[in-house]
Q: 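Below you will find the structure I want to go over with you.
No hydrogens, no waters, no symmetry mates; every other heavy atom, side chains included, goes into these values. All ligand and atom numbering here is 1-based and tracks the order in the structure.
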Amino acid sequence: MSVIILAIESSCDETSAAVCVDGKILSNIIASQKVHEQYGGVVPELASRAHAENIVPVVHAALQKANCTVAEVDAIAFTQAPGLIGSLLVGGQFAKSLSLSLNKPLIAVHHMQAHVLANLIDEPKPSFPFLCLTVSGGHTQIVLCNSPTDMTILGETIDDAAGEAFDKSAKLLGLPYPGGPLIDQHATEGNPKRFIFPEPQIPGLNFSFSGLKTSILYFLQNAGKSNLFKEEFSATEEERIEFIKNNLSDICASIQHRIVTILLNKLKKASIETGVTDICLAGGVSANSGLRKAFAEMGMKYNWRTFIPSFQYCTDNAGMIAITGYYKFLANQFADLSISSTARAEW
Ligand code: KG4
Ligand code: ZN
């Protein structure tokens, strides 16, 4: 007998629904919210309202595309945590209402675990145990995945996430939100070794990106003459703008190079410490072309098998919630209606 999971994701600014049959994703509908662009970041209240408008059509579209009726679904999986509370509540309440009215079991999914398991959607798949570097706008983690329901965080950021480092750097350069993809675009034309930004010395497998952001700020305020703190910055506003305009590609390439080396040096350390050589990327930042290239090169050098989910499963999507829901279904891990959505959650 087939197992059919209907999944709902609404943790941030993407409303998404997916249908998975026996571990195969048949539909993955994503409605992105453009409304936030003008504010330079996600506005939580606007995100919740947009989810409320989008959720019914998105779920309908996912069922329709999978050629499946809601009556055929075996369980409803939803993102329970972490995320923006108002956004999570829309998807959570919708999933609970469906579960109650249709008398179908409910499966609560942790968004970050789902990012990791996105690597189990397409072939070829990693073997267990594998390591996953999850890099998104809100998180940066190295996870050891022993099975679909057994994962441990080996390291994570102590301040900004990698996506935030990209977006905040982009903002300092006057680029619109979200700036990560724009830094990537400009970097393709630039020299990554032209400007040297410091690599933070954080012990173990944890990350830090806030120092990098400060160093970029000083560097720009000194119009590239120094990235060290000075009480009096040497450049005028005009000089700073002119400097950015004339050197944008090299600045972007140098920032990207530093973020990528911070990420991959820790990943290499994690592989050496654990002896695990099946290694995955996950999360929106894994779309970054510099990261993908350097990850593939590191894989060749250290004899890793490397995996990156297809783009639609890297950014926030319900396909990854569905695959996680499927494995939780097989492991009999169901939730009851008393479960609450939470903005932050332990694993
Ligand atoms: O996983 P995601 O879609 O959403 C969450 O944060 O959960 O990740 C979004 C992040 C943003 O910070 C965005 O700037 C970054 O991923 N991003 C990129 C690229 N594409 C998306 N950063 C650098 N280069 C890219 N090509
Ligand atoms: Zn995410």
Side-chain angles (χ1 to χ4, degrees), residues 7-16 18 28 30-34 36-37 40-42 44 47 51 78-84 87-88 91 109-119 132-141 143 156-157 160-173 175-188 190 192 209 212-213 252-264 280-295 308-321 323-324 343-345:
I8 293 165
E9 151 68 29
S10 70
S11 62
C12 189
D13 60 341
E14 249 92 34
T15 318
S16 183
N28 181 43
I30 304 171
S32 298
Q33 303 176 0
K34 296 272 169 247
H36 308 287
E37 271 168 23
V42 178
H51 284 305
F78 73 103
T79 306
Q80 181 249 336
L84 300 171
S87 293
L88 287 165
V109 172
H110 192 293
H111 181 86
M112 298 313 296
Q113 295 185 353
H115 268 304
V116 173
L117 296 188
N119 282 285
C132 184
L133 171 68
T134 312
V135 271
S136 72
H139 293 85
T140 301
Q141 296 180 329
V143 174
E156 61 190 331
T157 184
D160 292 347
E164 249 177 313
F166 272 108
D167 296 341
K168 287 180 177 173
S169 305
K171 197 170 175 188
L172 293 174
L173 294 169
L175 299 172
Y177 175 86
L182 297 169
I183 292 206
D184 191 355
Q185 261 172 39
H186 290 291
T188 52
F209 290 100
L212 174 65
K213 180 187 62 196
C252 287
S254 302
I255 292 173
Q256 178 168 297
H257 173 72
R258 176 50 73 219
I259 296 174
V260 167
T261 50
I262 293 173
L263 292 170
L264 292 186
C280 305
L281 290 186
V285 181
S286 50
N288 182 268
S289 56
L291 177 60
R292 294 171 87 98
K293 184 164 172 276
F295 177 59
I308 310 177
S310 65
F311 185 71
Q312 63 167 323
Y313 302 125
C314 279
T315 52
D316 288 349
N317 69 90
M320 68 184 193
I321 307 301
I323 194 83
T324 309
R344 291 178 184 277

Q: Considering the heavy atoms of Asp184, write down every atom of ligand 1 situated less than 4.0 Å from one of them.
A: 24 (N), 25 (C), 26 (N)
Q: Within the 4.0 Å heavy-atom shell around Ala287, which atoms of ligand 1 are there?
A: 20 (N), 26 (N)
Q: With backbone taken as N, CA, C and O and side chain as the heavy atoms from C-beta onward, which portion of Val285 lies under 4.0 Å from ligand 1: side chain, backbone, both, or neither?
A: both
Q: Taking only protein atoms, how many N, O or S atoms are found under 2.8 Å from the Zn ion (ligand 2)?
A: 3
Q: For a quick check under 3.5 Å, do His111 and Asp316 share a side-chain donor-acceptor pair by atom type?
A: yes
Q: Working to the nearest 0.5 Å, report the span between CE of Met112 and OG1 of Thr324.
A: 11.5 Å
Q: My understanding is that we take every heavy atom of each candidate and find the minimum distance to atom 20 (N) of ligand 1. Doing that for Cys12, Gly180, Gly284, Ser289, which one comes out nearest?
A: Gly284
Q: Take Arg292 and Ser289 through the test side chain to side chain donor-acceptor pair (under 3.5 Å) and record every step on the way to the result.
A: CA-CA 5 Å; Arg292 294 171 87 98; Ser289 56; over 6 Å; no
Q: Distance check, rounded to the nearest 0.5 Å: Leu263 atom CG versus Leu281 atom CG?
A: 9.0 Å
Q: If you count heavy atoms of other groups shown closer than 6.0 angstrom to NZ of Lys213, is the number above 12?
A: yes
Q: Provide, to 0.1 Å, the distance between atom 14 (O) of ligand 1 and the closest protein heavy atom, together with that atom's residue and name.
A: Asp167 OD1, 2.6 Å
Q: Within a distance under 4.0 Å of any heavy atom of Gly138, pick out the atoms of ligand 1 and give their elements.
A: 6 (O)
Q: Identify, by atom number and element, the atoms of ligand 1 in contact range of Gly163, meaning under 4.0 Å from any of its heavy atoms.
A: 12 (O)
Q: How far does OG1 of Thr140 sit from CD of Glu164, to the nearest 0.5 angstrom?
A: 8.0 Å
Q: Give me the atom names and distance for the closest heavy-atom approach of Ser10 to Thr79.
A: N-OG1, 4.3 Å
Q: For the backbone of Ser11 and the side chain of Glu9, can you confirm whether one donor and one acceptor N or O come within less than 3.5 Å of each other?
A: yes
Q: Is there a side chain to side chain donor-acceptor pair (under 3.5 Å) between Asn317 and Gln312 once you walk through the steps?
A: CA-CA 7 Å; Asn317 69 90; Gln312 63 167 323; over 6 Å; no
Q: Go through the steps to decide whether Glu14 and Ser32 satisfy the test side chain to side chain donor-acceptor pair (under 3.5 Å), and finish with yes or no.
A: CA-CA 5 Å; Glu14 249 92 34; Ser32 298; 3.0 Å; yes
Q: Please identify which atoms of ligand 1 are closer than 4.0 Å to at least one heavy atom of Gly137.
A: 5 (C), 6 (O), 8 (O), 9 (C), 10 (C), 12 (O)
Q: What residues form a salt bridge (charged side-chain N to carboxylate O under 4.0 Å, His left out) with Lys293, not counting sequence neighbours?
A: Glu297
Q: May I ask you to check if ligand 1 and Glu164 share an N or O to N or O distance below 3.5 Å?
A: no
Q: Given that the side chain starts at C-beta and the backbone is N, CA, C, O, which of these parts of Asn288 lies under 4.0 Å from ligand 1, counting heavy atoms, or is it both or neither?
A: both
